[in-house]
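Note sheet for the following structure.
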Amino acid sequence: MKKVEAIIKPFKLDEVKEALHEIGVSGITVTEAKGFGRQKGHTELYRGAEYVVDFLPKVKLEVVVSDALVDRVVEAVAAAAQTGRIGDGKIFVIPVESALRIRTGERDDDAI
Ligand SMILES: Nc1ncnc2c1ncn2[C@@H]1O[C@H](COP(=O)(O)OP(=O)(O)OP(=O)(O)O)[C@@H](O)[C@H]1O
């Protein structure tokens, strides 16, 4: 299993969620986040306004998937989140050791 952690522009969340739904991802964790990339000190367009970049609002999306699905998830998130402008975000892939569905006791691939 892998955790795909994506930092994206907030207005792209619905599109990314739809793309993940289409490839069969059932569980997603979404957190409001703030951050900056290498554009620090420059300006970034956010909701039509130019901001001098400090910490910009972002959304952090976490999806744990089977190894078989990880490439498709990364591609789907990247395609849905891309605008081509600075600040589009990043995707990290992290190994996951185990998973447990608390209600049933199912584990690992059966739990995600
Ligand atoms: N190395 C990193 N570690 C953790 N979070 C990061 C890292 N780089 C970027 N982020 C997060 O991703 C968000 C978007 O990053 P961003 O797309 O601006 O990166 P970038 O490298 O500057 O690329 P770009 O040139 O496309 O803007 C940041 O606001 C931050 O929350």
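Residues: numbered from 1 along the sequence shown. As a basis for the values below, the full set of heavy atoms in this structure was taken, side chains included, without hydrogen atoms, waters or symmetry mates. Here the structure is a predicted model, which means the values were calculated and not measured. Atoms within each ligand, like the ligands themselves, are counted from 1 in listed order.
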With the side chain counted from C-beta on, respond yes when K34 and K58 share a heavy-atom pair under 4.5 Å apart, and no when they do not.
-> no

Using distance alone, with no hydrogens and no angle criterion, decide if D88 and T83 have a side-chain donor and acceptor under 3.5 Å apart.
-> yes

Considering the heavy atoms of G87, write down every atom of ligand 1 situated less than 4.0 Å from one of them.
-> 16 (P), 17 (O), 18 (O), 24 (P), 26 (O), 27 (O)

Side chain, backbone, both or neither: the part of I86 lying under 4.0 Å from ligand 1 by heavy atom | both

Who passes salt bridge (charged side-chain N to carboxylate O under 4.0 Å, His left out) against R107, sequence neighbours left out?
-> none

Hydrophobic cluster (4.5 angstrom, side-chain heavy atoms) - remaining members for V4 = I8, L13, V16, L20, I23, V25, I28, V30, V59, L61, V63, V65, L69, V70, V73, V74, V77, I91, V93

Do any heavy atoms of F55 fall under 4.0 Å from ligand 1?
-> no

Using a strict cut-off of less than 4.0 Å between a Lys/Arg side-chain nitrogen and an Asp/Glu carboxylate oxygen, indicate whether R72 and E75 qualify as a salt bridge.
-> no

Just going by heavy-atom distances, which of G37, P57, G89 is nearest to atom 14 (C) of ligand 1?
-> G89

For ligand 1, find out whether one of its N or O atoms is nearer than 3.5 Å to an N or O atom of K58.
-> no

Do any nitrogen or oxygen atoms of F92 come within less than 3.5 Å of a nitrogen or oxygen of ligand 1?
-> no

Could you tell me if any non-hydrogen atom of D88 lies under 4.0 Å from any atom of ligand 1?
-> yes

Main-chain N/O of P57 paired with K9 side-chain donor or acceptor, under 3.5 Å = no

